[in-house]
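Below: one structure, written as structure tokens.
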Amino acid sequence: MRLSRYFLPVLKENPAEAQIVSHRYMLRAGMIRQQAAGIYSWLPLGFKVLRRIEQIVHEEQQRAGHIPMLMPTLQPADLWRESGRYDDYGEEMLRITDRHKRDMLYGPTNEEMITDIFRAHISSYKDLPLTLYHVQWKFRDEIRPRFGVMRGREFLMKDGYNFDLTKADALHAYNRHLVSYLRTYERMGLQALPMRADSGPIGGDNTHEFLVLADTGESEVYYDSAVTDIRLGARAIDYDDHAQCQAVMEEFTALYARTDETHDPAAFAAIPAARQRMARGIEVGQIFYFGTKYSEPMGATVVTADGGRVPVHMGSHGIGVSRLLGAIIEASHDDKGIIWPEGVTPFHCGIVNLKQGDAGTDAACMEVYTALKARGLDPLYDDRDERAGAKFATMDLIGLPWRITAGPRGLASGKVELTCRRTGLTEEMPAPDAIERIAAIYKDI
RNA sequence: CGGGGCGUAGCGCAGUCUGGUAGCGCGGCGGUUUUGGGAACCGUAGGUCGUAGGUUCGAAUCCUAUCGCCCCGACCA
């Protein structure tokens, strides 16, 4: 993309309403625009990152064998009356009446609807196990939305639901989700720690939240610092291997790590003092096993091999897709702006033309631009007629991890600059070498 | 929902107390000079002062109502 033809309304000054760094930078970088309290338009740059995150979520879910689908944002109230949650959910649920005076609601989650779909089409144990998921907009009418997309009312969320014949199978689905989530977050350049949590209105007794450590997090967390040394890395995972998924789950959850709701001071005190940590975290996902809580009242049953009929064991599993943008920025920025991890960056590389209008510099930049595109990469070429300082400031703000800079001075000796946003390190090299380096960096991402 | 604050140009703000031609900076547009870390100068466009009533010769300013947004708390992915 050429910046002169893009839509990137950056702000030089900090908007007054933004209190935390991710909200400030998302507004300043022209990623979002607030339309009402907790409701945002996604401008092109923000939309690009949102889509990259969503894409990673899809890839990792399908890698784990989960099946994508799409349920609507509006749901009939009757389904929620069946489960008893229509009254339980309270004011947080946005209730709407259609022209025929039918009670509708803007879905805050989809347990009822997926259970309805399941019971309509699945009747035999032979159709299990089954895990369906979708990525869809949700609405929870928070009393006080804040922190930009981190605590909006409308938010994009991946939610998945597993259906299993036995509790053991459902617990494997739980483990499988835990592992796939770890992999998802790692691909985004994030460390999200699974912590034992409270199940809240969804119910159930087996649940973990995934938390990104950040001072601006809304949850207070307590953990053994050794948990931050564990990585999934490149190890091969067989999602059908119950023992392996169980082992990974145990590896990541054996050490003490809890949110304040489940914090146990006595157990915490047993950790070596030097490893006790108290911090704040942003919740970016949660997994639940809740057994037959919905299948029983809603009649989601299957016929077993011996001809009996049993309610299925279920779990639900969520990732806060839109919220992840905020969490990633909170975890990765400096005083100049955002620093995107390569896995989610809106553009792979920025190109700065230091002397727009200079025939040699223009040609060199276009060459780099076309070469990167030919490699399947997505560069952002700043071809505006601006001064160097303004271009650098924009690139730093929007946080592209790599920048190629070309000006008459360097080009005289046949060189461009390659700069790493995170370290600030700049190296001079011929343009083809810089292109090669960028291509190599993104080869496995 | 309790407490506090704010709505004036795309963004950041002054002006409101004490009523009298609606301002400043950034951004936009045109021009000149500049050109390696958010340039300087000149010119220019852009506002029913959130909305609705009221008081007054006259309201951004005073009064009433209402809507919206932000912050602290309770709540929450």
Side-chain angles (χ1 to χ4, degrees), chain A residues 9-20 23-24 27-28 30 33-39 43 89-93 107-110 137-159 181 192 195 197-202 207-212 217-219 259-261 281-288 316-327 335-337 352-358 361 382 384-398 403 405-412 416-417 419 424 426 428:
Chain A
V10 299
L11 301 174
K12 218 162 159 178
E13 289 171 285
N14 280 324
E17 76 265 23
Q19 301 299 309
I20 64 168
H23 190 193
R24 272 208 304 273
L27 289 167
R28 284 196 50 202
R33 176 177 173 81
Q34 179 168 315
Q35 305 292 176
I39 299 176
L43 306 184
Y89 225 93
E91 292 291 302
E92 225 179 71
M93 178 185 282
T109 178
N110 289 69
W137 292 96
K138 308 275 192 291
F139 196 93
R140 291 182 195 168
D141 200 359
E142 300 285 343
I143 298 167
R144 185 153 91 85
R146 61 187 120 173
F147 303 149
V149 299
M150 295 244 292
R151 177 105 186 265
R153 291 194 291 173
E154 187 185 47
F155 55 97
L156 187 63
M157 181 175 170
K158 170 261 160 183
D159 47 324
Y181 279 25
M195 297 195 176
D198 186 61
S199 63
I202 294 183
T207 179
H208 282 87
E209 286 183 357
F210 290 78
L211 289 117
V212 174
E218 76 267 62
S219 310
T259 61
D260 53 358
E261 301 145 343
I282 301 165
E283 195 198 319
V284 294
Q286 187 160 10
I287 54 177
F288 301 88
S316 75
H317 317 276
I319 293 180
V321 174
S322 50
R323 160 179 275 212
L324 270 166
L325 274 88
D335 58 357
K336 290 187 230 155
V352 169
N353 182 335
L354 289 177
K355 190 162 186 177
Q356 202 68 41
D358 175 86
T361 313
D382 190 346
R384 296 172 304 163
D385 188 16
E386 288 287 342
R387 297 165 66 91
K391 293 189 177 190
F392 290 143
T394 298
M395 284 294 175
D396 288 345
L397 174 63
I398 69 173
R403 185 182 83 212
T405 308
R409 209 163 72 195
L411 289 171
V416 299
E417 291 165 17
T419 304
T426 294
E428 286 193 26

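These figures come from a predicted structure and were not determined experimentally. Letters A, B, ... mirror the listed sequences (proteins, then strands); counts begin at 1.
- Whole-Å rounding puts the A/Glu142 CD to B/rC69 C1' distance at 17 Å.
- Within 4.0 Å of A/Glu92, counting heavy atoms only, lie sugar-phosphate atoms of the nucleic acid but no base atom.
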Per-nt protein contacts along nucleotides 34-46 of chain B (heavy atom under 4.0 Å; B base, S backbone sugar-phosphate only, - none) come out as BSBBBB-------
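- Remark: the A/Glu417 side chain and the A/Thr419 side chain contain no N/O donor-acceptor pair separated by less than 3.5 Å.
- Side chain of A/Lys355 to main chain of A/Thr361: no donor-acceptor pair is present (N/O by atom type, distance under 3.5 Å, no hydrogens or angles).
- With a cut-off of 3.5 Å on both Watson-Crick or G-U wobble distances, the partner of B/rA14 is given as none.
- The nearest whole Å value for the distance from the NE2 atom in A/His23 to the P atom in B/rC11 is 13 Å.
- Out of B/rC76, B/rC69, B/rC75, the shortest distance to the side chain of A/Glu218 is found at B/rC76.
- The gap from the C1' atom of B/rG30 to that of B/rG68 amounts to 37 Å, rounded to the nearest Å.
- The residue A/Gly152 sits close to a base: some heavy atom pair falls under 4.0 Å.
- Between B/rC57 and B/rC42, the distance separating the two P atoms is 45 Å to the nearest Å.
- On a pure distance criterion of 3.5 Å, a polar donor-acceptor pair joins the side chain of A/Arg151 and the base of B/rC76.
- Atom pair A/Ile20:CD1 and B/rC70:P shows a separation of 13 Å (rounding to whole Å applied).
- Ion pairing between a basic and an acidic side chain is recognised when a charged N comes within 4.0 Å of a carboxylate O; A/Glu218 and A/Arg151 show no such pairing.
- The shortest distance between the side-chain N/O atoms of A/Arg153 and the OP1/OP2 oxygens of B/rC76 is not below 4.0 Å.
- In A/Glu91, the CD atom is not crowded: 12 or fewer heavy atoms of neighbouring residues, nucleotides or ligands sit closer than 6.0 Å.
- In a base pair of the Watson-Crick type (N1 to N3 plus N6-O4 or O6-N4) or a G-U wobble (N1-O2 and O6-N3), with each distance short of 3.5 Å, B/rG73 is matched with B/rC1.
- Sequence order on RNA chain B of the closest nucleotides to A/Glu154 and A/Ala18 puts A/Ala18 first from the 5' end.
- Under the 3.5 Å distance criterion, the side-chain polar atoms of A/Arg153 are left unmatched by any main-chain donor or acceptor of A/Phe139.
- At whole-Å resolution of the value, CG in A/Asn14 and P in B/rC71 are 14 Å apart.
- At least one side-chain nitrogen or oxygen of A/Arg144 sits closer than 4.0 Å to the OP1 or OP2 atom of B/rC72.
- One atom, CD of A/Glu261, and another, C1' of B/rA74, lie 15 Å apart when rounded to the nearest Å.
- When rounded to the nearest whole Å, the span between CE of A/Met150 and P of B/rC76 equals 17 Å.
- The same atom, P, is picked in B/rC26 and in B/rC71; the two are 28 Å apart, to the nearest Å.
- A/Gln19 has no side-chain polar atom (N or O) that falls below the 4.0 Å cut-off from OP1 or OP2 of B/rC72.
- With rounding to whole Å, A/Ile39 atom CD1 is found 13 Å from B/rG68 atom C1'.
- When rounded to the nearest whole Å, the span between CZ of A/Arg140 and P of B/rC75 equals 16 Å.
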